[in-house]
Undergrad: 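Before I ask anything, here is the structure I am working with.
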Amino acid sequence: MTAAALYTQIVLEHQRAPRNFGVLEAHSHAADGTNPLCGDALRIELVCCEGRIERMHFHGEACAIAVATASMLSELAVGKSLADVARMETAFARLVDGSVAHDALLAHLNAMQALSRYPTRRKCALLAFATLRAALAGTASATTEGNG
């Protein structure tokens with residue numbers, strides 16, 4: 001398999017022009033995430049109200065996979081509850097480990113299915129979910145260290 005399979009049009013589009021990239025000045029939740037293996041660092045900032053995500057922004061220095069995943073997730077997470085995010089994270093982990101080939105719950109994030117063939121890059125994609133989970137839990141930081 002070539003790297004072109006991993007860097008699909010949708011992945012490149014989100015990497016080049018990430019959605020919701022930047023600082024969210026008035027946020028209710030935030031966390032910093034790192035992927036020590038790749039050197040990725042992302043900060044996710046949220047506005048949550050009545051148990052749902054109203055806005056999500058992210059910023060930082062990260063590889064194309066981490067940025068594209070955070071961008072797609074930032075669009076998908078709006079309107080979702082903590083339980084919804086947990087279901088999406090579980091579905092995404094199954095997608096990138098090759099347990100499933102597609103999950104309608106994930107929308108554009110299904111483009112990351114090629115990661116099932118690139119185990120060393122999975123943590124890049126999982127960083128956004130780990131950081132979002134930390135922000136929602138009120139934890140200041142997250143890491144992909146020790147995650148599959």
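The shown structure was predicted, so the numbers you read here are calculated from the model rather than taken from an experiment. Along the sequence shown, residues are numbered consecutively beginning with 1.
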Undergrad: Give the minimum heavy-atom separation between Ser28 and Cys48, together with the two atoms involved.
TA: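 Minimum heavy-atom separation between Ser28 and Cys48: OG-N, 2.9 Å.
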Undergrad: Between His27 and Arg43, is there a side-chain heavy-atom distance shorter than 4.5 Å?
TA: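 Result yes, sub-4.5 Å side-chain heavy-atom pair found.
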Undergrad: Taking a hydrophobic cluster as the set of Ile, Leu, Val, Met, Phe, Trp and Tyr residues connected by side-chain heavy atoms closer than 4.5 Å, whether directly or through intermediates, do Tyr118 and Leu37 fall within one such cluster?
TA: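 Shared cluster, no.
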Undergrad: Do Val78 and Leu76 belong together in a cluster built from hydrophobic side chains that touch within less than 4.5 Å?
TA: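 Val78 does not cluster with Leu76.
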Undergrad: Between Met112 and Ile65, which heavy-atom pair has the shortest distance, and what is it?
TA: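 So the two residues come closest at CE-O, 3.9 Å.
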Undergrad: Between Arg55 (side chain only) and Ile53 (backbone N and O only), is there a donor and an acceptor less than 3.5 Å apart?
TA: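 Looks like no, no N/O pair under 3.5 Å.
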Undergrad: Please report the closest heavy-atom contact between Ala135 and Leu46, naming both atoms and the distance.
TA: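 It is CB-CD1, 3.9 Å.
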Undergrad: Side-chain heavy atoms under 4.5 angstrom apart, residues restricted to Ile, Leu, Val, Met, Phe, Trp, Tyr: same cluster for Val47 and Leu42?
TA: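 Result: no, two separate clusters.
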Undergrad: Might you work through the side chain to side chain contact (heavy atoms under 4.5 Å, CB included) test for Cys124 and Thr69, ending with a clear yes or no?
TA: CA-CA 8 Å; Cys124 301; Thr69 302; over 6 Å; no
Undergrad: Yes or no on side chain to side chain contact (heavy atoms under 4.5 Å, CB included) for Leu95 and Val100, after CA distance, side-chain angles and deciding distance?
TA: CA-CA 5 Å; Leu95 179 81; Val100 297; 4.3 Å; yes
Undergrad: Kindly determine whether Glu13 and Arg19 satisfy salt bridge (Lys or Arg N to Asp or Glu O under 4.0 Å), including the steps that lead there.
TA: CA-CA 10 Å; Glu13 181 184 321; Arg19 290 15 165 227; 2.5 Å; yes
Undergrad: Less than 4.5 Å apart, any side-chain heavy atom of Val11 and any of Met72?
TA: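 Val11 reaches Met72 side chain to side chain.
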Undergrad: Got Cys63 and Gln15 here, is their nearest side-chain heavy-atom distance under 4.5 Å?
TA: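 The answer is no, as the side chains (C-beta and beyond) never meet within the 4.5 Å cut-off.
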Undergrad: If I compare all heavy atoms of Met56 with all of Ala70, which pair ends up nearest, and what's the gap?
TA: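 The answer is CE-O, 4.2 Å.
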Undergrad: Kindly indicate whether the side chain of Glu75, heavy atoms from C-beta on, has any atom under 4.5 Å from the side chain of His14.
TA: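 Side chain of Glu75 against side chain of His14, heavy atoms only: contact under 4.5 Å found.
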Undergrad: Taking Thr143 for the side chain and Thr34 for the main chain, is one N or O donor matched with an acceptor at less than 3.5 Å?
TA: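 Confirmed, Thr143 side chain pairs with Thr34 backbone.
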Undergrad: Look only at the side chain of Ser74 and the backbone of Ser71, and say whether a donor-acceptor pair between them is shorter than 3.5 Å.
TA: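 Yes; at least one donor-acceptor contact below 3.5 Å.
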Undergrad: How long is the span from the NE2 atom in His29 to the CG atom in Leu136, to the nearest 0.5 Å?
TA: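 Reported to 0.5 Å precision, the distance equals 6.5 Å.
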Undergrad: In Å, rounded to the nearest 0.5 Å, how long is the span from CG of Leu106 to CZ of Arg87?
TA: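 CZ of Arg87 is found 12.0 Å from CG of Leu106.
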Undergrad: Quick check: closest heavy atoms across Glu45 and Gly22, and the distance to 0.1 Å?
TA: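 The answer is OE1-O, 4.3 Å.
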Undergrad: Once the angle between the rings of Phe21 and Phe58 is folded into 0 to 90°, is it parallel (under 30°), tilted (30 to 60°) or perpendicular (over 60°)?
TA: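 The arrangement is perpendicular - the two ring planes meet at more than 60°.
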Undergrad: Looking at Thr131, Asn20, Leu24, Leu127, which hits side chain to side chain contact (heavy atoms under 4.5 Å, CB included) with Ile44?
TA: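 Passing option: Thr131.
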Undergrad: Is there a side chain to side chain contact (heavy atoms under 4.5 Å, CB included) between Phe129 and Thr144? Walk through the geometry before answering.
TA: CA-CA 10 Å; Phe129 278 98; Thr144 56; over 6 Å; no
Undergrad: So how far is it from Leu115 CG to Lys123 NZ, rounded to the nearest 0.5 Å?
TA: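 Between atom CG of Leu115 and atom NZ of Lys123 there are 13.5 Å.
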Undergrad: Test your reading of the model: is there a side-chain donor-acceptor pair from Ser116 to the backbone of Gln113, 3.5 Å cut-off?
TA: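 Yes: the side chain of Ser116 pairs with the backbone of Gln113.
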Undergrad: How about Asp32 and Ser141: does a side-chain donor come under 3.5 Å of a side-chain acceptor?
TA: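 Ser141 and Asp32 do not have a side-chain donor-acceptor pair below 3.5 Å.
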Undergrad: Is His59 atom NE2 crowded by more than 12 heavy atoms from other residues, nucleotides or ligands, each under 6.0 Å away?
TA: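 Correct, the count exceeds 12.
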Undergrad: Do the side chain of Asn35 and the main chain of Asp40 share a donor and acceptor less than 3.5 angstrom apart?
TA: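 Pair absent, no side-chain N/O of Asn35 close to backbone of Asp40.
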Undergrad: Under the salt bridge (Lys or Arg N to Asp or Glu O under 4.0 Å) criterion, do Asp84 and Arg52 qualify, and how do the steps go?
TA: CA-CA 9 Å; Asp84 295 333; Arg52 297 207 172 269; 3.2 Å; yes
Undergrad: Indicate the atoms forming the closest heavy-atom contact of Ala77 with Met88, along with that distance.
TA: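 Closest heavy-atom pair between Ala77 and Met88: CA-CE, 4.4 Å.
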